[in-house]
Each structure stands twice: as structure tokens, then as C-alpha cells.
**Student:** 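Sharing a structure with you now.
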Amino acid sequence: MIRAARKACSSAMLAAPLAGCGGNWQSALDVYGTSAISLKHLIILIVAVCSLVWMLVLIALIAALWRSRDARPVSPEPGRERRMTIAVTGAVVATVLIIGTFTVMSFVATRALTVAGQDDLTIRVRGLQWWWGLEYIGPDPSSRFETANEIHIPVGRKVRLKLEGLDVIHSFWVPSLAGKQDLVPGRPNELTIRAEHAGIYRGQCAEFCGMQHAHMSLLVIAEPQDDFDKWTATQRQTAAQPADEQTAAGLQTFLAKPCAACHTIRGTAAVGTTGPDLTHVGNRRTIAAGLFETTRGSLAAWIADPQTIKPGNNMPMVPLTPDELRAVSAYLASLK
Amino acid sequence: MAGVVLLGLATALAGCQREERQLRLDPPIADALDRVALMPNRISGAPPDVYFVLGKPYEVNAYNLSQGKRLYAWFGCRSCHGDGQGGSGPGFLDGWWYYGPEMVSIFASIRDGRPHGMPAFGNKMTTDQIWQLAGYVQTIGSYQGKTAAPSRNDEKQTRPAENRAPAKLLFDEGPSPVHPDQGPTP
């Protein structure tokens, strides 16, 4: 009985880490983007060939150990003995072939990642300590808008990301869609992604960038063209007007306190640019770069003490009375 | 041998205290730190006792000085005081200050504002933030050498660093006081 329980327990412990591989929650083996798919093929090819070579080497080793030392007589003419030459030549040819194939395959896969040509959509992605600033660049200036930490893209269309690091080096990595690409201050990089299936893909900074590197994640939401168009139309609008007394008081507090010095809420007097654009913050799934789900409570907790929740981040604690905090959090949650 | 190692370890660990971080003050301590005793002309005075009990954390702790440096940027001090060289507001590098180099005077200037344009930040910043900023501003002036320094600039230095030799050695004492509100020259 105890043994059975122990067995069940250990198999559950084995299953738990493996279960992490399933579902589309950040895995380079669970791919839904064009370049991630070609990368996965490359991984599988390399693993398969390397496993084959490893097995052949082990078989040869075991055979050599197994064989009796004097099973075969020593060659009568050691000067003309060619058995070792043949073995060494075979190994060298196989090595050159395998490495050559890998080189060509990896070159082809890398080429596929940086396909040039007409892209459907351009997004400027800025890496900051410790969040992602996003600017959708449309065909004309009126269609551009800013948001943060949540990239929406249409399914099956090529999206060009212009990557810029503003303080230190960050790295953009959404394993289910594409490989890593660094955001280097002063050196613009580009990455083209294309999602083949609708879904929510998590990504995160993949280059250590300071104290809160681990709390710098983002979501890529791939959705059908109609939903994407609806989303962009909403995002382009200015912020919703306060609907009731409390949210109106929240807006007043937001403008009177230092909040507006760093954050923009389009359609109000708040035009700061150092922090994330909050025009539609209530519409985003998470706040603080994936730290919390967006709820009125999590917004209030974040505003009340950002330095304890995410130590070292660039948002200072602002002295607010409980009424002011309630009003501001209600107002921000209402910004759908 | 073991004694030497232990001594070395103890010295190294004591160094950590210089950078000890306190992310948020307990509200009663913050309240007590807010009660500075100023002279009637609001220049100079005494910090509350708790300031000494805590061991002058805003002057000797490198983390607090670095936070002060960040607050200096965040709250737009630069727009009037420049990077310490002054602009529409007075500079901090010239070796003499209207209200003197004492922490309480700097704290009061930030919290309550001063005539001729210095706004009050009392309702925009928490008490510990004001203390941190005051410590940093005092460091820019560099009246005395300090054992702790704020973090270095990411940008190019445009002025002497905060942890340079004390300003007393570098600057003239400046003109003698001309205004009754003006504090003691350093």
C-alpha cells in the first residue's frame, strides 16, 4: 500500500515538470510561429543526428571492450596494415559531412528568420527597466498609438518589430513564435514574426537587465484580423471620460499628484513619457510587465507601494490618502 | 589563521551595512522623521531624535543616496537646478547656499518650498523620499567628505562627481550675506 503510494507520488513528481511542456505557455518546442517552426525543425534534426552518432560511438566502444584482445592475430606485415587508416578516414569523412550538413541547415533556417519583403504591420518595441513600450506605426501619423507589455498581432500576417533598448541591453523572446533578438541601446534591431495560429503567447526578457529582469514579461496575442482591427480601433481612441463621481475624483488626483509627470492618458492633461501609456490600462490583461492580472485591487496594491512589490523599479511611492487611492484605482480600472 | 579569516569576514560583512536597503519606513517612524525643529526663519534647526537613533541613514547609507539621485531626476529638480550647476534655480556647486548645508534646511526647502519659485513637494513625496533627496542634494554640494556615495552616472559627467573632495577646499566662500534671510556661509 505504502509502496504503491510512493510509486504514484514519484510518478506524479516526474509528470509535473513534463506537464510544463504541454500547452502554449512559453516553450520553444510548442511552436505556432513561422520562424519558431523552422527553429524547431532544426533542433529536431540536430538532436536526431547527434543521438545517432552518439549511439554508433557507444556501440563501437562496447564492441571494442567486448572483443577479446587476441581474437585476431597481429598483422604479419605491420608496415602495410591499413585497418586503422580506413577507420580514421571513415570517421573524418562522417564528421565533415555531418558538420557541413548542420552548417547548411542552420544557414537556411537563419535565412528564413530574417525574410525581407513587404510586411503588414510595424511595431516599435522599446525595452526599458523593466517593461516593454510599444508603438504601433501605421501608414499615417493619425493611426499610430502607444501601449505597453501586450502586443496584439493579426494571425497569418508578417509583423515587423523594430527593437530598441533605451537603458541597458534587453532581449525579446517569445519562444512559441520566434527566436531571441537583443534590444541594444543605440543599435536598432529588427525581428519579423508571423503567428500561424490564434492564441496568447508569453514572452520575456532573455538578457539579464537588472534587479527585476525576471519580472519583465510580455504577452503576444495573435487574433483573427477582425478582432485585431477592433482592438486597434479601440486603442486609437482617447481615454474614456470618467463615468461617475469616484472616477472623476480619480482623474483629478492623477493630474494633481506626480502620476501625470511620467504617464500619458491620451485625452487628458497627463502627457508624461517615462512610464507606460495608461490610456487603456484597464483593457490590458496584466500590469507591471506581467506581474499581476489587471484588477482594481492589483492596481491599488501597485500604486500604494510599487517599491515593495517590484523593488528597484522606476516608479516612486506617491503619498495618497485612502480615498485618493480608491479613486485613482477605480479610475485606472475604468480605462478600458 | 582562522582568526584572521574571521576578522576579514566580519569586516566584509560590516561593509554590507553601508548599502542596507529599507524599502519602506514604518508609519510611526516616518511621522517622527517628519517633525523637524526649524528656527523661526525656517533656516537650520534640529532633526528629530529618531534621526540620530537610526544613525543618520540619509547621510551615510549609499542606497539612500542613490535613491535620492533617482528622485532628483524623477521629480524634475533638473528643470530648475540643472545637474547641480543651477539654471532658473540656484546651483548646488558654488560652495555657498542661501539656506545653508544642514539636512534640516534642505529637508524644509523640499517639503515646504521656499520663496521665489521653489515649490513645496510635501504632498507629492513621502517623508523618506524627501530625506533621501535632501541627503543627495547635500552630497552634490559636498561640504564634507562622506564615506558613502550615490551610484555613478550612466551619462557623461558634466560636473564634478558627488564623491569628490569636499567643496570647502575647492571653492571660495562666496560673497558675505546680503539678505537677512540668508543663512550662514559654509
Side-chain angles (χ1 to χ4, degrees), chain A residues 127-131 165-170 184-186 209-212 215 249 252-263 269-276 288 291 300-325 327-328, chain B residues 19-35 57-58 61-80 107 110-113 119-137 150-156:
Chain A
L128 294 113
Q129 283 175 323
W130 289 280
W131 56 283
L166 289 200
D167 34 38
V168 297
I169 300 178
H170 303 275
V184 185
C209 59
M211 212 173 170
Q212 294 298 334
H215 290 145
Q252 282 316 308
T253 310
F254 192 92
L255 296 176
K257 292 287 177 176
C259 318
C262 295
H263 294 286
V271 289
T273 52
T274 19
L291 200 54
W302 172 254
I303 298 163
D305 196 352
Q307 290 300 325
T308 303
I309 291 173
K310 197 169 171 179
N313 84 79
N314 282 326
M315 174 158 160
M317 186 170 145
V318 171
L320 293 174
T321 65
D323 281 340
E324 287 171 337
L325 183 60
V328 169
Chain B
E19 301 224 29
E20 197 181 349
R21 295 171 180 211
Q22 185 161 31
L23 296 173
R24 185 171 58 172
L25 287 181
D26 289 336
I29 296 182
D31 271 354
L33 273 173
D34 195 44
R35 278 185 232 113
Y58 301 103
N61 179 297
Y63 170 70
N64 284 331
L65 293 176
S66 299
Q67 281 303 102
K69 189 167 182 168
R70 296 195 335 147
L71 292 163
Y72 188 88
W74 288 343
F75 282 89
C77 307
R78 227 168 260 268
S79 57
C80 293
F107 178 86
I110 300 168
R111 187 188 62 181
D112 309 328
F121 285 86
N123 66 343
K124 292 192 165 75
M125 299 170 75
T126 57
T127 304
D128 44 334
Q129 287 170 350
I130 299 177
W131 275 110
Q132 285 168 340
L133 180 54
Y136 174 68
V137 169
S151 54
R152 284 177 296 173
N153 278 8
D154 284 338
E155 307 86 41
K156 217 162 90 176

**Student:** Once salt bridge (Lys or Arg N to Asp or Glu O under 4.0 Å) is applied, what residue pairs with a partner in residues 62-71 of chain B remain, sequence neighbours excluded?
**Tutor:**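 Salt bridge (Lys or Arg N to Asp or Glu O under 4.0 Å) check on residues 62-71 of chain B returns Lys69(B)-Glu162(B).
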**Student:** Quick check on Asn123(B) against chain A: is it the side chain, the backbone, both or neither that has a heavy atom closer than 4.5 Å?
**Tutor:**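 Contact with chain A involves both backbone and side-chain atoms of Asn123(B).
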**Student:** Between Asn314(A), Thr308(A), Thr274(A), which residue shows the highest count of heavy-atom pairs closer than 4.5 Å to chain B?
**Tutor:**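 Most pairs with chain B among the choices: Asn314(A).
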**Student:** Taking side chain as everything from C-beta outward and backbone as N, CA, C, O, which of these in Asp305(A) sits under 4.5 Å from a heavy atom of chain B? Side chain, backbone, both or neither.
**Tutor:**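 Interface part for Asp305(A): side chain.
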**Student:** Residue by residue, which of residues 253-263 of chain A have a heavy atom closer than 4.5 Å to a heavy atom belonging to chain B?
**Tutor:**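 So far as heavy atoms go, Ala256(A), Lys257(A), Pro258(A) are the residues that approach chain B to under 4.5 Å.
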**Student:** Please check if the side chain of Gln307(A) supplies one atom and the backbone of Arg24(B) the other of a donor-acceptor pair under 3.5 Å.
**Tutor:**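 Checked: no pair found.
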**Student:** Would you mind listing every salt bridge (Lys or Arg N to Asp or Glu O under 4.0 Å) that reaches into residues 313-325 of chain A, with sequence neighbours excluded?
**Tutor:**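 Passing the test, one end in residues 313-325 of chain A: Asp323(A)-Arg326(A).
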**Student:** How close do Leu71(B) and Pro316(A) get, counting heavy atoms only, and between which atoms?
**Tutor:**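 Taking Leu71(B) first and Pro316(A) second, the nearest heavy atoms are CD2-CB, 4.3 Å.
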**Student:** Phe75(B): what forms a ring pair (Phe, Tyr, Trp, His ring centres under 6.0 Å) with it, not counting sequence neighbours?
**Tutor:**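 Phe75(B): no ring pair (Phe, Tyr, Trp, His ring centres under 6.0 Å) contacts found.
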